[in-house]
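The structure appears below as structure tokens.
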Amino acid sequence: MTVLMGPGGTLDMAITALERGCESVFVGPKGWSRRPASDELCDEEIRELLDWSRPRGKDIRVAINVMPEPAEIPQMLAKIERYAEWGAGGVMLCDPGCIALVRRLLPEIDIHVSVTAGIFNFRDIAFYEEMGANIVVIPYRWGVQELEEIRDKTNMKLEAFMFQATKRGRICPGRCYSSSYFQIVHNRDEQGKDHHIGSASRGGSCYRICRAKWDLKIDERLYPEAPDLKATPELLLWELPEYVALGVDRFKIPGRERSPGLVGDLCAFYRRALDHVLAGGVDVSALAPEWNEIRERWVRERGRRDDGRIANAAE
Ligand code: SF4
């Protein structure tokens, strides 16, 4: 079965995504999933969502895609064990050692290799498979050729983002610590987890430094056409028939930091688009006008979010 998965930045957003066509939703626990606390859920909310989802046949995945410090590992494993007991179908991880530990602890749970693992090639994927992962989130800068290679050379299920970079950037998602050079705030919660505000890789939100306007200066010479630090991904439409034909198992809609209204419309749009393609449709051009409108809303909201976060870096 091909699964459409939506974002759950809040409990309301998660339920909206499930009601508007997604079979699955991913959420992040506060301090463990690279987003501001406002776009993550506390454990009580995750439990509430799982209780809501179970009788409706919906599936919840939990993103714990940060690099834990040694003392945080037992806490991380205890959380994952709890989510599995409550009925979560899978977890998204990026730390190879933790993937091996979780597989030993929970042989049945799905383990997704998060895009933040920074995979570069087919051998990396084979490594994560040996560690115990069974689903790989395809880096959104990859194309069809790379997807064919993973499909044919590993047993991993494929999960594709509904967005893709149209050109390459200079920094790798998931391996970026640039915001922490500007400012990092250590904020330990009552369980002892450091939220590392300013370092997404350690759990806290970053300051979106890659989205700021930069001047490149080398030996007093200014290069006005400085390259983008990070490629800007675009919402995907035209590639959908090809992805389905390639055997992509799960489609992931990003947007935990967007408004619930936009997320709901996005989920409903992609539900229709995916159903059209799964029914054999190869021409998606009739969906383009609505897609363009949603893309514009997406870019507007992204701009507002980035500007606010960049401003926080300098505070
Ligand atoms: S600065 Fe950009 S690339 Fe780095 S963690 Fe933040 S969003 Fe990702």
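As the structure lists them, so they are numbered: ligands from 1, and atoms in each ligand from 1.
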Do the ring planes of Tyr243 and Phe251 sit parallel (below 30°), tilted (30 to 60°) or perpendicular (above 60°)?
->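 Correct class here is parallel.
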
Test side chain to side chain donor-acceptor pair (under 3.5 Å) applied to Asp265 - qualifying residues, sequence neighbours left out =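 Here the qualifying residues are Arg20, Arg297.
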
For Arg256, which residues count as a side chain to side chain donor-acceptor pair (under 3.5 Å) partner, sequence neighbours excluded?
->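 With neighbours one apart ignored, the set is Ser33.
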
Exactly which residues line ligand 1, taking a heavy atom under 4.0 Å from it as the test?
->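 Lining ligand 1: Ile171, Cys176, Ser178, Ser179, Cys206, Arg208, Ile209, Cys210, Lys230.
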
Can you name the residues that form a side chain to side chain contact (heavy atoms under 4.5 Å, CB included) with Thr154, not counting sequence neighbours?
->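 Applying side chain to side chain contact (heavy atoms under 4.5 Å, CB included) to Thr154 gives Phe122, Ile125, Glu129, Ile150, Met156.
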
Roughly how far, to the nearest 0.5 Å, is CD1 of Ile184 from OG of Ser199?
->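 Going from OG on Ser199 over to CD1 on Ile184, the span is 5.0 Å.
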
Nearest heavy-atom neighbours spanning Ile73 and Cys98 =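 Looks like CG1-SG, 4.3 Å.
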
